[in-house]
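Just below is one structure, and these are the notes that go with it.
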Amino acid sequence: MPLPSLTLSLQFARFDGVAEHRAALPRQKVMRWLRHALADDGEITVRIVDAEEGQSLNRDYRQKDYATNVLTFDYAQEPVVQADLVLCAPVVAREAAEQGKTLQQHYAHLLVHGALHAQGWDHETSEQDAEEMEAYEIEILAGLGFPNPYAD
């Protein structure tokens with residue numbers, strides 16, 4: 001079965017250390033990770049931001065006044081998945097270090113996670129939904145050659 005098509009806009013805000021994040025996110029890899037997470041064709045913007053922009057967006061749209069790792073803004077699920085995925089570089093880097101992962105491994109996980117949210121998956125609705133979403137993330141990432149992101 002062929003993978004869905006994807007129109008990708010990959011954007012990086014200006015912040016200290018942006019080169020490390022650009023290096024961890026080659027366009028072709030980001031395309032591959034997202035296409036494996038999509039059930040249908042997609043139009044996705046991925047934006048890598050600093051802590052200030054991440055906090056501002058999380059506060060304004062989720063009423064949570066802190067920078068989080070990934071925010072998903074989903075606009076349509078069919079016939080084409082349309083979404084913006086905003087990843088906060090300092091949070092992603094800190095979490096990767098705390099979890100003993102490479103920056104690229106953590107970005108791949110969060111992009112798959114965000115793409116699933118864009119398609120209606122939600123881990124906050126019930127324990128069963130969380131378990132199903134995590135299992136699907138693990139399956140997708142394994143197919144991409146990444147280890148289980150939830151393993152200790």
Side-chain angles (χ1 to χ4, degrees), residues 3-125 130 133-134 136-138 140-150:
L3 291 173
S5 69
L6 174 63
T7 301
L8 173 67
S9 174
L10 181 57
Q11 305 173 359
F12 293 85
R14 289 190 174 98
F15 56 88
D16 290 339
V18 69
E20 176 185 12
H21 296 269
R22 281 185 187 276
L25 292 164
R27 180 179 183 76
Q28 286 308 105
K29 286 189 178 186
V30 172
M31 289 277 293
R32 183 171 180 257
W33 302 335
L34 290 171
R35 289 181 69 204
H36 277 80
L38 290 171
D40 295 306
D41 294 344
E43 296 174 359
I44 297 179
T45 296
V46 173
R47 181 163 170 79
I48 310 303
V49 302
D50 63 8
E52 183 180 341
E53 186 174 345
Q55 180 174 354
S56 176
L57 289 167
N58 201 27
R59 181 185 57 241
D60 293 352
Y61 291 95
R62 295 181 64 226
Q63 290 71 54
K64 296 183 180 187
D65 196 16
Y66 58 88
T68 190
N69 52 17
V70 60
L71 291 168
T72 300
F73 298 92
D74 58 325
Y75 307 113
Q77 293 178 1
E78 49 186 47
V80 175
V81 177
Q82 295 176 329
D84 293 340
L85 305 180
V86 179
L87 293 98
C88 183
V91 174
V92 175
R94 184 188 75 239
E95 289 177 349
E98 291 170 354
Q99 297 170 20
K101 299 175 183 175
T102 67
L103 191 57
Q104 190 169 81
Q105 283 176 315
H106 200 39
Y107 269 122
H109 175 216
L110 293 174
L111 287 167
V112 166
H113 183 87
L116 292 182
H117 274 305
Q119 297 169 91
W121 290 79
D122 193 345
H123 55 86
E124 296 181 355
T125 49
M133 185 171 175
E134 284 183 12
Y136 193 34
E137 289 173 24
I138 292 165
I140 293 167
L141 289 164
L144 292 167
F146 290 104
N148 178 348
Y150 297 103

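When the side-chain hydrogen bond (donor to acceptor under 3.5 Å, both in side chains) test is applied to Asp74, no partner is found at least two apart in sequence or on another chain. Take His106 and apply the side-chain hydrogen bond (donor to acceptor under 3.5 Å, both in side chains) test, not counting sequence neighbours, and it matches Glu95. Gln55 is linked by a side-chain hydrogen bond (donor to acceptor under 3.5 Å, both in side chains) to Asp65, counting only residues two or more places apart in sequence or in another chain. In this structure Phe12 satisfies the ring-ring contact (aromatic ring centres under 6.0 Å, His included) test with no other residue, sequence neighbours excluded. Evaluation of the side-chain hydrogen bond (donor to acceptor under 3.5 Å, both in side chains) rule for Ser5 yields Asp41 as partners, not counting sequence neighbours.
Using a 4.5 Å heavy-atom threshold, the side chains of Leu111 and Leu87 count as touching. Counting heavy atoms from C-beta on, the side chains of Glu53 and Phe15 never come closer than 4.5 Å. Taking 4.5 Å as the limit, every side-chain heavy atom of Phe146 sits out of range of all side-chain heavy atoms of Lys101. Residues Tyr107 and Val30 fail the side-chain proximity criterion, which asks for heavy atoms closer than 4.5 Å. For the pair Val70/His117, no side-chain contact is recorded, criterion being any heavy-atom separation below 4.5 Å from C-beta on. Using a 4.5 Å heavy-atom threshold, the side chains of Leu103 and Val92 count as touching. Counting heavy atoms from C-beta on, the side chains of His36 and Val112 never come closer than 4.5 Å.
Heavy atoms only, all atoms of each residue included: Leu25 and Leu10 are closest at O-CD2, 3.6 Å. Pairing each heavy atom of Leu71 with each of Gly54, the nearest pair is CD1-O, 4.2 Å. The shortest non-hydrogen separation linking Ala51 to Cys88 is CA-SG, 3.6 Å. Contact detail for His109 and Tyr150: the closest heavy-atom pair is NE2-OH, 3.2 Å. Contact record, Leu38 with Pro4: O-CG, 3.2 Å, taken as the closest heavy-atom pair. The two residues Asp40 and Gln77 have their closest heavy-atom pair at OD2-O, 4.2 Å.
In this structure, CD1 in Ile44 is found 11.5 Å from CZ in Arg35, a value given to the nearest 0.5 Å. Rounding to the nearest 0.5 Å places CE of Met31 at 7.5 Å from OG1 of Thr7. With values rounded to the nearest 0.5 angstrom, Met133 atom CE is found 11.5 Å from Ile138 atom CD1. If you take CZ on Arg47 and CG on Asp84, they are separated by 10.0 Å, rounding to the nearest 0.5 Å.
Environment of CD in Gln99: crowded, with over 12 heavy atoms of neighbouring residues, nucleotides or ligands closer than 6.0 Å. Around the CD atom of Gln11, the shell of radius 6.0 Å holds more than 12 heavy atoms that belong to other residues, nucleotides or ligands.
Residue pairs meeting the ring-ring contact (aromatic ring centres under 6.0 Å, His included) criterion with at least one member in residues 66-93, sequence neighbours excluded, are Tyr61-Phe73.
Glu20 places no side-chain N or O within donor-acceptor distance of the main-chain N or O of Gly17, the cut-off being under 3.5 Å. Side chain of Gln119 to main chain of Ala37: a donor-acceptor pair is present (N/O by atom type, distance under 3.5 Å, no hydrogens or angles).
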